Every structure is written in structure tokens, then in C-alpha cells.
K.L.:
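I'd like to ask some things about the structure below.
In this text, all values refer to a predicted model and were calculated from it rather than measured experimentally. So that the names make sense, note that chain A is the first sequence line, chain B the second, and so on, each numbered from 1.
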Amino acid sequence: MRLNPAPSHLGSLRQLPRAFFLRPSLRVAPDLLGRYLVRRVPGGRLVGRIVEVEAYRQQDPASHSYRGRTPRNEVMFRRGGYLYVYFTYGMHYCVNIVTGPEGHGEAVLIRAVEPIDGLELFRRNRHAEGYSLTNGPAKLCQAYGFERSFNGKDLIRSDVLIAAGNKVPRRLIARSGRIGIRMAAEKQWRFFIHGNPWVSKAG
DNA sequence: TGGACGATCCCCT
DNA sequence: GGGGATCGTCCAT
């Protein structure tokens with residue numbers, strides 16, 4: 001397992017502005033690769049480099065927002081830059097980044113990250129080691145400690161944010177069908193960093 | 001009021 | 001590669 005790049009390779013921890021998230025999910029999704037998902041905690045921080053994402057749009061039968069606004073998916077319809085955290089299969093949480101303007105039910109599911117900082121905290125939260133720390137959407141949620149109370153958090157001003165990191169060149173970005181869904185499975189809306197070992201195995 | 005099902009993971013084979 | 005765990009959400013009665 002390859003962990004923690006040399007400090008000279010660390011990307012920028014400058015926070016991305018609101019405008020970054022106001023674009024359509026299909027544009028934001030590949031642009032999120034290489035960025036850092038950061039959670040500040042007392043006495044430290046959890047930092048992971050985003051290596052795998054999926055885009056969801058409102059006019060998409062596989063999206064929670066497809067049937068319109070409900071109390072559950074309300075956050076998806078806000079303007080971009082909020083966290084949408086949902087609970088599924090009776091035991092797992094997944095985290096999304098809301099995108100687009102107010103009123104559009106769009107988001108990008110974060111499927112895998114590569115730990116950069118806060119490894120001990122990741123381990124403590126996950127009760128695991130190695131790639132299985134964060135190589136799946138529910139795994140990384142457990143590693144970061146994301147649960148219901150994080151739904152609706154503003155990435156522009158809260159203890160969770162997206163930092164600039166290093167944008168991934170287009171030639172290193174692969175795409176495929178999304179994982180674990182039946183509707184619109186043919187849509188090539190999953191994006192990941194080619195060859196990165198932290199990408200989830202499935203697919 | 002109830003039942004079907006899900007943007008998953010883990011463990012067993 | 002397959003099945004079980006486990007419960008919130010939504011929609012149909």
C-alpha cells in the first residue's frame with residue numbers, strides 16, 4: 001500500500017469557492033478528482049484526495065431527485081456547495097456534493113478517496129487498515145465520521161470543505177457506468193483516476 | 001398503515 | 001460471486 005505522498009507533492013489546501021459548485025454535476029464531477037475533501041476536527045483534520053465520483057442529475061431515473069423535492073432529498077435542490085448525506089441499506093451512509101443552481105436536484109457522489117492527512121483518525125473511525133479505509137462510498141463516510149447530522153452542511157463556511165488540491169489532467173481520467181444501480185446504468189457518469197489503487201474494486 | 005426496495009459492505013465459498 | 005444484514009423513505013392502499 002502506498003500512503004501519504006511526500007510533502008512537496010501536497011496539493012493546495014485553499015478552499016474552492018461557491019462558483020465551483022454552481023456548474024452542472026457532469027462538469028463538476030471530473031473536476032473534483034484530485035481535490036481534497038477536508039473535515040476539521042478539534043486538534044486535527046481529516047484530508048482525503050478524491051479519486052472516484054459519480055454524477056447524478058435530476059432528469060435521471062437513478063437519482064434521488066428524479067421524482068421531485070421531498071424532505072429527504074431537499075438538500076439536493078439547494079444551490080451548489082452543500083453536503084447531501086443519506087442513509088441506505090439500513091446501515092450505510094453516503095456523501096454527495098450538491099451542484100448547480102438553486103432548484104436543480106443535482107449532486108456528485110464521492111465514491112473513494114486516498115488518505116492524505118489524519119490517518120490515525122481515519123483508522124480509529126473505520127476500525128480498519130489499508131485500502132479498505134476509504135475505497136468505497138460508505139467506507140469513506142465511516143472513516144470521516146459522516147452521518148445524518150452532516151446533511152446540509154455548507155462547504156463554503158463550516159468544518160467540512162473542498163480544497164483545491166491538484167486538478168487531474170484529462171488524459172488520466174477514466175469513465176464508466178455507475179455502480180450499484182439498474183436504472184440508466186448505461187450512462188457513463190462515473191469518473192475515476194486511472195490506475196489509482198484507492199478506486200473501489202467493483203466495476 | 002404496510003410493504004417493497006435501495007447510489008452498500010462484509011463474510012463466506 | 002453470492003447472500004444476508006437492516007431500516008428509512010416513498011407510494012399505494
K.L.:
Are any of the side-chain heavy atoms of Glu52(A) and Ser200(A) separated by less than 4.5 Å?
P.N.:
yes
K.L.:
When you look at CZ of Phe87(A), are more than 12 heavy atoms from neighbouring residues, nucleotides or ligands closer to it than 6.0 Å?
P.N.:
yes
K.L.:
What is the distance from CD1 of Ile181(A) to P of dC5(B), rounded to the nearest Å?
P.N.:
17 Å
K.L.:
Does the side chain to side chain contact (heavy atoms under 4.5 Å, CB included) test come out yes or no for Val113(A) and Val51(A), once each step is laid out?
P.N.:
CA-CA 5 Å; Val113(A) 306; Val51(A) 300; 5.6 Å; no
K.L.:
Would you mind reading off the distance between His64(A) atom NE2 and dC5(B) atom P, rounded to a whole angstrom?
P.N.:
16 Å
K.L.:
Classify the nucleic acid contact of Ser132(A) as base, sugar-phosphate or nothing, counting any heavy atom under 4.0 Å across all strands shown.
P.N.:
nothing
K.L.:
Remember a base hit wins even if backbone is also touched, and classify Met76(A) as base, sugar-phosphate or nothing at under 4.0 Å, heavy atoms.
P.N.:
base
K.L.:
Looking at Arg170(A) and Asp31(A), does any basic side-chain N land under 4.0 Å from a carboxylate oxygen?
P.N.:
no
K.L.:
Taking atom C1' of dC9(B) as reference, at what distance in whole Å does atom NE2 of His92(A) sit?
P.N.:
4 Å
K.L.:
Check the distance between dT8(B)'s P and Asn135(A)'s CG and give it to me in whole angstrom.
P.N.:
13 Å
K.L.:
How far does the C1' atom of dG3(C) sit from the matching atom of dC5(B), given to the nearest Å?
P.N.:
16 Å
K.L.:
Please indicate yes or no: is the ring centre of Tyr56(A) less than 5.5 Å from the centre of the six-membered base ring of dA7(B), with the two planes inclined by under 30 degrees?
P.N.:
yes
K.L.:
Check for me whether Arg18(A) meets the cation-pi criterion with Phe21(A), that is, NZ or CZ under 6.0 Å from the six-membered ring centre and within 45 degrees of the ring axis.
P.N.:
no
K.L.:
Mapping Arg148(A) and Met91(A) onto DNA chain C by nearest heavy atom, which one lands closer to the 5' end?
P.N.:
Met91(A)
K.L.:
With a 4.0 Å cut-off on heavy atoms, is Ala138(A) in touch with a base, just the backbone sugar-phosphate, or nothing at all?
P.N.:
sugar-phosphate
K.L.:
Students often get this wrong, so: under 4.0 angstrom with heavy atoms, is Leu109(A) touching a base, only sugar-phosphate, or nothing?
P.N.:
base
K.L.:
Phosphate oxygens OP1/OP2 of dG6(B): is one of them under 4.0 Å from a side-chain N or O of Arg178(A)?
P.N.:
no
K.L.:
Atom NZ of residue position Lys187(A) - does it have more than 12 heavy atoms of other residues, nucleotides or ligands inside 6.0 Å?
P.N.:
no
K.L.:
Arg126(A) has a side chain; which of dG6(B), dC10(B), dA7(B) sits nearest to it?
P.N.:
dC10(B)
K.L.:
Could you write out DNA chain B as a dot-bracket string, with dots for unpaired bases, | for bases paired across to another strand, and Watson-Crick or G-U pairs counted at under 3.5 Å?
P.N.:
||||||.|||||.
K.L.:
Do the ring centers of Tyr144(A) and Phe122(A) come within less than 6.0 Å of each other?
P.N.:
yes
K.L.:
In this structure, how many angstroms lie between the C1' atom of dC7(C) and the CZ atom of Arg72(A), rounded?
P.N.:
11 Å
K.L.:
Using atom CZ of Phe87(A) as one end and atom P of dA7(B) as the other, report the distance to the nearest whole Å.
P.N.:
14 Å
K.L.:
Below 4.0 angstrom from OP1 or OP2 of dT8(B), is there any side-chain N or O of Thr88(A)?
P.N.:
no
K.L.:
Rounded to the Å, how far apart are Arg69(A) CZ and dC10(C) C1'?
P.N.:
18 Å
K.L.:
Which comes earlier along DNA chain B counting from the 5' end, the contact point of Tyr86(A) or that of Gln142(A), where each point is its nearest nucleotide?
P.N.:
Tyr86(A)
K.L.:
Taking atom C1' of dA7(B) as reference, at what distance in whole Å does atom CZ of Arg67(A) sit?
P.N.:
15 Å
K.L.:
Should Arg45(A) and Asp159(A) count as an ion pair when the cut-off is N to O under 4.0 Å?
P.N.:
no
K.L.:
It should be established whether Arg182(A) places a side-chain nitrogen or oxygen under 4.0 Å from OP1 or OP2 of nucleotide dA7(B).
P.N.:
no
